[in-house]
Amino acid sequence: MSNSFMTIQRFILEAEKKHPKATGELSALLSDLSLAAKVISLEVNKAGLVDILGYTGDHNIHGEKVKKLDIFSNEMMIHAMNHGGHLAVMASEEEEGIIRIPERHHLGKYVLLFDPLDGSSNIDANVSVGTIFSIYKRISPDGTPGTISDCLQPGHMQVVAGYIVYGSSTIMVYTAGDGVHGFTLDPAFGEFLLSHKDIKIPTKAKIYSINEGNYKYWRPGLKKYIKYLQDADDRGREPYSARYIGSMVADIHRNLLYGGIFIYPDDRRNPNGKLRLLYECNPMAFLIEQAGGRAIDGRGNKILDLKPTSLHQRVPIYIGSKEAVDMVEKFISEEEI
Ligand code: P6P
């Protein structure tokens with residue numbers, strides 16, 4: 001079947017054939033996720049029309065103001081995914097604790113962690129937002145309710161990771177450990193069609209993405225690195241562009257396609273940075289490494305090697321084109337404290 005009509009369902013089934021022991025559970029799980037993505041995309045794209053923009057007046061577990069679409073997307077993910085019989089447990093960036101599978105449903109062998117609508121503080125300004133997801137195999141005994149330990153596995157144990165970016169079009173990008181592939185939603189007939197096969201992030205970055213408003217709080221090595229990028233053309237090197245949307249999914253998606261580095265560092269105000277290890281950093285790190293890039297915490301660790309200690313822990317992240325991450329790692333390792 002040519003790419004132009006390769007639906008995500010067909011692609012997943014083709015990929016499954018490469019694994020003779022595959023039971024089809026993971027494929028069904030990914031298909032369920034693509035359905036949830038279509039529904040969220042529909043709501044995100046008409047939010048301004050049906051008055052589900054704006055704040056609910058509540059605050060989430062992180063003390064952040066909650067958007068109506070946050071609630072909708074979180075509930076959509078839970079209700080779309082909790083009855084397929086493929087999951088033992090879920091956890092959401094919007095929920096304090098783990099999300100149990102209702103007793104009436106079969107308990108599966110997978111674990112789903114997700115950020116239902118990342119970047120949603122931007123949505124009233126029509127800025128691209130996204131859903132990020134991460135799938136692990138359970139480590140607790142089959143047939144029993146999943147546990148928090150199932151959710152606190154290191155990122156290198158992921159079997160699937162991906163995101164859906166709701167932008168000028170809706171694109172679902174995922175990896176199952178065999179490359180990174182992108183599917184664009186054709187709204188005419190509601191199918192995700194293969195549009196980006198085997199994505200590789202350019203080794204050289206042309207873009208750096210960081211909130212420079214926090215400059216005065218940064219560690220010295222990071223300040224020197226950003227200055228080095230800004231002086232690139234003085235040294236006869238390819239100048240860099242600063243691009244920062246403030247929506248991780250959109251920033252990472254652009255850098256994945258064009259080449260770039262995204263940084264949310266630890267600084268004097270946020271000693272562990274802002275982004276969550278389970279729901280943002282691990283899935284993006286799996287994807288970017290699969291696409292040929294790197295993802296580190298700036299403390300000598302690969303993101304994927306970090307052992308999570310709590311559901312909502314935050315970690316610093318330097319992620320993107322290999323050369324750029326190598327370079328910032330060098331500046332940080334040589335910094336005088
Ligand atoms: P700041 C959105 O709120 C988010 O979680 C990520 O999507 C984004 O990269 C980051 O926070 C932006 O944070 O502090 O630069 O506004």
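Each ligand, and each atom within it, is numbered from 1 in the order the structure gives.
Residue D118 places at least one N or O, backbone or side chain, under 3.5 Å from an N or O of ligand 1. Polar contact with ligand 1: present for N211 (N/O pair, distance under 3.5 Å). Polar contact check, D251 against ligand 1: no nitrogen or oxygen pair lies under 3.5 Å apart.
Distances shorter than 4.0 angstrom occur between a heavy atom of L275 and an atom of ligand 1.
The residue among Y279, Y244, F262 with a heavy atom at the shortest distance from atom 1 (P) of ligand 1 is Y244. Summarising the contacts of atom 5 (O) of ligand 1 with E93, M248, E280, R314, the nearest heavy atom is found in E280.
Taking the ring centroids of F11 and F183, they lie under the 6.0 Å cut-off. Between F114 and F133, the distance from one ring center to the other does not fall under 6.0 angstrom. Ring centers of H156 and F286: at least 6.0 Å apart, outside the cut-off.
Scanning all protein heavy atoms for the shortest distance to atom 14 (O) of ligand 1 gives Y264 OH, 2.6 Å. For atom 16 (O) of ligand 1, the nearest non-hydrogen atom of the protein is K274 NZ, 3.9 Å.
Every salt bridge (charged side-chain N to carboxylate O under 4.0 Å, His left out) that E323 has, sequence neighbours left out, goes to K204.
Relative to the six-membered ring of Y215, K223 meets both conditions, a distance below 6.0 Å and an angle of at most 45° to the axis. Y228 carries R237 over the face of its six-membered ring, with the cationic atom under 6.0 Å from the centre and within 45° of the normal.
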